[in-house]
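Counting from 1, the numbers follow the sequence of the chain as shown. No hydrogens, no waters, no symmetry mates; every other heavy atom, side chains included, goes into these values. Whatever order the structure lists ligands and atoms in, that order sets their numbers, starting from 1.
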Amino acid sequence: MRSFVCIHYPANQKVPKSSVARPTTLGGMSEQHPQHFETVAIHAGQEPDEATGAVVPPIYQVSTYKQDGVGGLRGGYEYSRSANPTRTALEENLAALDGGRRGLAFASGLAAEDCLLRTLLVPGDHVVIPNDAYGGTFRLISKVVERWGVEWSVADTSDPKAVRDALRPRTKAIWVETPSNPLLGISDISALAAVAREAGVKLVVDNTFASPYLQQPLGLGADVVVYSTTKYMGGHSDVVGGALVVNDDALGEELAYHQNAMGAVAGPFDAWLVMRGIKTLAVRMDRHSANAARIAELLTSHSKVTRVYYPGLAEHPGHEVASKQMRSFGGMVSFQVAGGEQAAVEVCNRAKLFTLGESLGGVESLIEHPGLMTHASTAGSLLEVPADLVRLSVGIESVDDLVADLTQALG
Ligand SMILES: *Cc1c(COP(=O)(O)O)cnc(C)c1O
């Protein structure tokens, strides 16, 4: 099996805007030829099928495997909850993309989160969560995991000192999303990794909004990267999936044990769809970022828009940190509309090319009202989002058509 090592952009160094990166030499790759992200995305874990030469990993739609005598496993496979060749191909690819040693693919992003939380935490333990978390993450922690005796508290993760102050004797993990959902808040991964290391707790980064093409948390000191592969990794709004990537072998083993014990694995067809999406991740993210930057610019100068949230804007409070740790600023843009909740709902309803719907990260543009849709579960909590907020997942259509639609929707 070929071994892939992805070139990492060094932390604290401005990365080239061009997708053709300058090769860097990093420790531990002397015997291996480093590959650029685009190459790794297409080839890692994707060797032609040994039996047939098929150029992409086939969908092994199978539950069990013939044994040559009791316990005699031919290809190492026994039962597809434990491992399946299509899922293995995706998991190797996921690990390589993030420069990790172990990737694990799940049935959804929340299944991945559930596995991680129940691996890291036991009753009495505590987790720090961001004040701007994905609604489903907040619901999982505050409504489900809490019932099993796990404690949580909220901190502004854009302020490393606030996170340090939130630590308790039984804190086991700091959870962060950057950029965050839906307010596009930016947290400094290196700074939080230092806080976590000092306290001996794990730093978990939900990297769904950035994808490994734009940001590589393990290289910045994080312990675990979480993905909803439903979003940019899959990229075509046709699959629900999740992933975890770690670079610690022992933690990887523990997570794999729980993945099998809990059973919320990615099925072969879903794993295959995510793999197919990943092959074009780099070119899609470049276009998502370029289109979103143009949309953010339009919104900034629009009279009906009172505030724009996009880390690529110089006035965004996290712009400097985002420039340091991201390759570009991604495809998500949120904004507040003059006229309150009703005005925001009307913008959503008037949009035509932007499809009104939840989720994000697909090639097609989406628009939604977080307060009444994706983030309804945060109502009345510290994580409640503004009522006049609209969130866009800017797709890869012609940006001129997107600008025209948004302009008519704003009225
Ligand atoms: C969608 C999403 C999740 C949850 O993933 P599912 O695949 O929907 O279970 C987690 N985090 C973020 C940031 C998301 O956008």
Side-chain angles (χ1 to χ4, degrees), residues 90 94 98 103-118 127 129-145 157 173-187 189 204-212 214-215 217 222 224-245 259 262-267 270-271 273-274 277-278 281 285 288 292 309 311 326 329-334 357-362 366-370 373-378 383 385 389 391-395:
L90 170 60
L94 289 166
D98 260 293
L104 298 159
F106 293 84
S108 70
L110 284 174
E113 295 186 15
D114 184 33
C115 179
L116 175 62
L117 289 163
R118 286 202 269 162
V127 54
I129 62 171
N131 59 355
D132 180 18
Y134 172 69
T137 300
F138 179 65
R139 183 177 55 205
L140 174 64
I141 291 173
S142 68
K143 297 286 197 292
V144 180
V145 176
T157 54
I174 298 167
W175 192 285
V176 59
E177 265 181 65
T178 182
S180 68
N181 182 1
L183 293 175
L184 286 309
I186 298 294
S187 297
I189 298 173
V204 177
V205 178
D206 183 335
N207 203 35
T208 298
F209 269 36
S211 89
L214 297 188
Q215 176 172 277
V224 185
V225 188
V226 175
Y227 290 105
S228 169
T229 53
T230 313
K231 315 296 167 54
Y232 288 106
M233 306 280 254
H236 296 75
S237 305
D238 54 10
V239 62
V240 171
L244 299 174
V245 185
Q259 180 194 38
M262 293 161 66
V265 296
D270 288 356
L273 280 171
V274 172
I278 286 173
L281 180 65
M285 292 313 292
H288 281 297
Y309 300 83
M326 299 178 76
F329 304 103
M332 299 301 296
V333 181
S334 294
E358 304 198 353
S359 197
L360 60 111
L366 299 174
I367 190 167
E368 69 124 356
H369 186 280
M373 294 170 63
T374 49
H375 288 66
S377 68
T378 64
L383 285 79
V385 295
L389 190 74
R391 189 188 77 178
L392 303 176
S393 172
V394 179

For residues [X] and [Y], determine if any side-chain heavy atom of one lies less than 4.5 Å from a side-chain heavy atom of the other.
| X | Y | answer |
| --- | --- | --- |
| M233 | P212 | yes |
| T178 | T157 | no |
| V176 | I189 | no |
| P182 | L389 | yes |
| V204 | V226 | yes |

Taking 4.0 angstrom as the limit and counting only heavy atoms of [X], give me the atoms of ligand 1 inside it, by number and element.
| X | result |
| --- | --- |
| T230 | 7 (O) |
| L360 | 15 (O) |
| E113 | 10 (C), 11 (N) |
| G241 | 7 (O) |
| D206 | 10 (C), 11 (N), 12 (C), 13 (C) |
| N181 | 15 (O) |

Between [X] and [Y], which heavy-atom pair has the shortest distance, and what is it?
| X | Y | answer |
| --- | --- | --- |
| F209 | L360 | CE1-CD2, 3.6 Å |
| Y134 | H375 | CA-NE2, 4.0 Å |
| L214 | F329 | CD1-C, 4.4 Å |

Top protein contact for atom 9 (O) of ligand 1, by heavy-atom distance: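 Ranked first by proximity to atom 9 (O) of ligand 1 is L110 N, 2.9 Å.
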
Heavy atom of the protein closest to atom 4 (C) of ligand 1 (residue, atom name, distance): Y134 CE2, 3.3 Å

Which segment of T208 sits under 4.0 Å of ligand 1 when only heavy atoms are counted: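 Side chain only.
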
Tell me whether [X] has any N or O atom under 3.5 angstrom from an N or O of ligand 1.
| X | answer |
| --- | --- |
| A111 | no |
| G109 | yes |
| K231 | yes |

